[in-house]
Amino acid sequence: MREDYQVLIDEVTALLGTPATLENRDFGLIAFGAHEGEGDEEDGEDGAFLMDPVRTRSILRRRSTARVRAWFESFGITRAVEPVRIPPDPSAGVLRGRICVPVRHGGVVLGYIWLLDDGALELTDPRLADVRAVARRIGSLLADESRAGARRGELLCALLTAAPGHRAAVDLAEAELAGELGPVAAGPLAVVAVVPWEEGAGGRSAAAPGVPGTVAVCAVPGTEGLAVLVRLRTTATLDPARTAAERLLRSPRAGAAAGIGEPCTGLGPVPGAWWQALAAARAARAESRFGPVARWDRIGPYRLLAFTARPSGSPAAGVPDPSVRALLEPGHREMARTAEAFLDCAGQAGRTAALLGVHRQTLYYRLSRVEQLTGLDLDDGEDRLLLHMALKTARLLRG
């Protein structure tokens with residue numbers, strides 16, 4: 001649909017000979033029409049006219065400031081049916097006037113088409129009737145997208161809140177969400193959590209329009225968090241998820257931090273990745289060095305602390321931390337025993353070697369293998385804490 005919006009806004013730009021911008025009702029950028037000569041210094045006054053700072057900020061940061069929004073809304077654009085002329089307000093950074101064409105559907109304003117105003121276009125100009133016709137087409141698309149987005153959000157919420165023991169409910173939510181997403185459901189995907197998240201009117205969470213790669217959004221009851229399912233290019237990079245998280249944190253409803261779970265192939269791992277993302281977001285709020293966007297695989301011992309705080313029936317409960325998976329394989333039991341003994345002895349090599357009945361060089365070799373298997377640094381206090389907690393937790397799970 002984003003391509004459809006771009007085609008339509010380019011149509012408006014060509015129709016009026018002035019750059020047009022399309023934003024949703026929350027002033028999030030959807031599409032903008034470039035204009036020949038825009039930003040060229042050699043264009044003199046015309047170039048200065050086109051390089052309006054509010055338009056530039058909207059394009060670069062994909063959102064207007066709260067002050068700019070308040071200025072525009074003071075002219076009644078949220079209720080308007082006809083185009084509205086808005087004068088400049090240098091104190092709010094609005095150096096050029098605007099003509100706002102409301103985008104409506106079913107009596108509701110869903111967005112705005114913005115035209116930079118040089119005073120030459122009369123509101124009675126017949127070309128504005130053509131622009132309004134384009135606005136109606138855009139309104140229909142936005143309404144369809146809103147309905148589809150709401151449905152995907154409901155299904156994502158159902159998937160994340162279904163009790164793992166109720167396999168039928170989990171399978172149904174997963175199948176229905178897969179049907180809505182189509183091929184995207186096969187992945188790769190990532191889950192982003194934003195905490196806390198202020199819900200919109202009626203208890204429904206705000207959607208995340210304009211955030212690249214977002215395929216489903218919902219507020220998750222009982223967590224004060226927003227869950228966002230993001231499409232990845234590959235499981236090797238979480239950059240699209242980080243971009244989405246950073247954009248969401250600039251939202252007026254956003255909380256203090258965001259977290260990203262492990263990449264998912266398909267929808268099956270999504271509930272577990274949600275708990276990971278939520279734990280990472282909470283860790284980022286607790287420790288500023290992690291945030292404002294934290295990754296699950298980079299929060300160290302907080303992974304285990306989050307595990308102990310996780311409800312017993314939640315996804316992935318009872319699963320050992322990734323840091324010890326390799327050590328728990330049958331062929332590495334001696335390495336696991338060595339690591340646990342070393343940590344029990346507070347990292348004292350002499351005591352550990354005596355306890356295990358091995359030479360120090362043998363101990364050092366085993367410890368280097370432990371580091372290779374876990375990816376942890378045994379000279380780092382937090383890595384040692386994570387490994388110690390993970391090994392003890394694994395022992396409890398086995399017992």
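Residues D89 and P87 form no side-chain contact, since every pair of their non-hydrogen atoms from C-beta on lies 4.5 Å or further apart. Side-chain contact between L110 and S146 is absent, with no heavy atoms from C-beta onward closer than 4.5 Å. Looking at heavy atoms from C-beta onward, Y5 lies out of side-chain contact with R137 at the 4.5 angstrom threshold. Here the side chains of I77 and Y112 are in contact, with some heavy-atom distance below 4.5 Å. By the 4.5 Å heavy-atom criterion applied to side chains, L16 and D130 are not counted as neighbours. Between I260 and R242, the closest side-chain pair of non-hydrogen atoms falls below 4.5 Å. Using a 4.5 Å heavy-atom cutoff, the side chains of L327 and L387 are in contact. Contact check for V134 versus I9: no side-chain heavy atoms found under the 4.5 Å cut-off.
Using modelled atom types, one side-chain atom of R384 and one backbone atom of L378 make a donor-acceptor pair closer than 3.5 Å. When atom types are taken as modelled, the side chain of R104 and the backbone of A80 share a donor-acceptor pair closer than 3.5 angstrom. Checking side-chain atoms of Q6 against main-chain N and O of F32 turns up a donor-acceptor pair under 3.5 Å. With H359 contributing its side chain and Q361 its backbone, the two residues share a donor-acceptor pair below 3.5 Å. Between the side chain of T243 and the main chain of D239, a donor-acceptor pair closer than 3.5 Å is present. When atom types are taken as modelled, the side chain of R152 and the backbone of E180 share no donor-acceptor pair closer than 3.5 angstrom. In this structure, T237 contributes its side chain and R233 its backbone to no donor-acceptor pair below 3.5 Å. The closest donor-acceptor contact from the side chain of T362 to the backbone of V358 lies at 3.5 Å or more, if one exists at all. Formation of a donor-acceptor pair under 3.5 Å by the T13 side chain with backbone atoms of A20 is found in this model. Proximity of a side-chain donor or acceptor of H332 to a complementary backbone N or O of A326 within less than 3.5 Å is detected.
Contact detail for A256 and P292: the closest heavy-atom pair is O-CB, 4.2 Å. Nearest heavy-atom pair, L355 versus A341, reported as atom, atom and distance to 0.1 Å: CD2-CB, 4.0 Å. Between I299 and A280, the closest heavy-atom pair is CD1-CA, 3.9 Å. The two residues T214 and A244 make their nearest non-hydrogen contact at OG1-CB, 4.5 Å. Across every non-hydrogen atom of A258 and V192, the tightest pair is CB-CG1, 4.5 Å. A pairwise comparison of heavy atoms in P188 and T235 identifies CB-CG2, 3.5 Å as the closest pair.
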| said: Run F290 and R298 through side-chain contact (heavy atoms from CB on, under 4.5 Å) and show every step you take. | reply: CA-CA 8 Å; F290 290 139; R298 296 181 180 176; 6.0 Å; no

| request: Starting from the C-alpha separation in whole Å, work towards a yes-or-no answer on side-chain contact (heavy atoms from CB on, under 4.5 Å) for L229 and L181. | output: CA-CA 11 Å; L229 193 60; L181 296 180; 4.0 Å; yes

| E262/R295 under salt bridge (Lys or Arg N to Asp or Glu O under 4.0 Å): CA gap, chis, key distance, verdict | CA-CA 8 Å; E262 291 181 325; R295 286 174 44 167; over 6 Å; no

| request: Just do the side-chain contact (heavy atoms from CB on, under 4.5 Å) check on L226 and V217 with the steps written out, would you? | output: CA-CA 7 Å; L226 183 80; V217 184; 3.6 Å; yes

| task | Go through T374 and V324 one step at a time and tell me if the side-chain contact (heavy atoms from CB on, under 4.5 Å) criterion holds. | result | CA-CA 6 Å; T374 62; V324 298; 5.8 Å; no

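From W274, atom CH2 reaches atom SG of C218 across 7.0 Å, with rounding to the nearest 0.5 Å. A distance of 10.0 Å separates CZ in R85 from CG in L115, rounded to the nearest 0.5 Å. We find the CG-CD distance between D4 and E145 to be 9.5 Å, quoted to the nearest 0.5 Å. In this structure, R136 CZ and I138 CD1 are separated by 11.5 Å, a value rounded to the nearest 0.5 Å. The CG atom of L267 sits 6.5 Å away from the CG atom of L189 when rounded to the nearest 0.5 Å. In this structure, OH on Y364 lies 13.5 Å from OG1 on T338, to the nearest 0.5 angstrom.
Here R147 pairs with D144 in a salt bridge; the nearest charged N to carboxylate O distance falls below 4.0 Å. In this structure, D344 pairs ionically with K392, as a charged nitrogen and a carboxylate oxygen lie closer than 4.0 Å. By the 4.0 Å N-to-carboxylate-O rule, R303 lies too far from D297 to be salt-bridged with it. Between R96 and D117 there is no salt bridge, since none of the side-chain N atoms of the basic residue sits less than 4.0 Å from a carboxylate O of the acidic one. With respect to the salt-bridge test (charged N to carboxylate O, under 4.0 angstrom), the residues E340 and R337 do not qualify.
Under a hydrophobic-cluster definition in which Ile, Leu, Val, Met, Phe, Trp and Tyr are linked whenever side-chain heavy atoms come within less than 4.5 Å, directly or via other members, V12 and V81 are assigned to different clusters. At a threshold of 4.5 Å between side-chain heavy atoms, the hydrophobic network of Ile, Leu, Val, Met, Phe, Trp and Tyr places L376 and Y365 in two separate groups. Under a hydrophobic-cluster definition in which Ile, Leu, Val, Met, Phe, Trp and Tyr are linked whenever side-chain heavy atoms come within less than 4.5 Å, directly or via other members, F342 and L328 are assigned to the same cluster. Hydrophobic clustering (ILVMFWY, side-chain heavy atoms < 4.5 Å, transitive): Y302 and L385 are in one cluster. Placement of L367 and L386 within a single hydrophobic cluster is found when ILVMFWY residues are connected by side-chain heavy-atom separations under 4.5 Å, directly or transitively.
Taking the six-membered ring for Trp and thresholds of 30 and 60 degrees, W71 and F75 have ring planes more than 60 degrees apart, a perpendicular arrangement. F72 and F27 have parallel rings, their planes meeting at less than 30° on a 0 to 90° scale where 60° marks the start of perpendicular.
Enclosure of atom CZ in R366 by more than 12 non-hydrogen atoms of other residues, nucleotides or ligands within 6.0 angstrom is indicated. Summarising the local packing, CZ of R79 is surrounded by 12 or fewer heavy atoms from other residues, nucleotides or ligands at distances under 6.0 Å.
Counting only N and O atoms by type, the side chains of W197 and E224 include no donor and acceptor under 3.5 Å apart.
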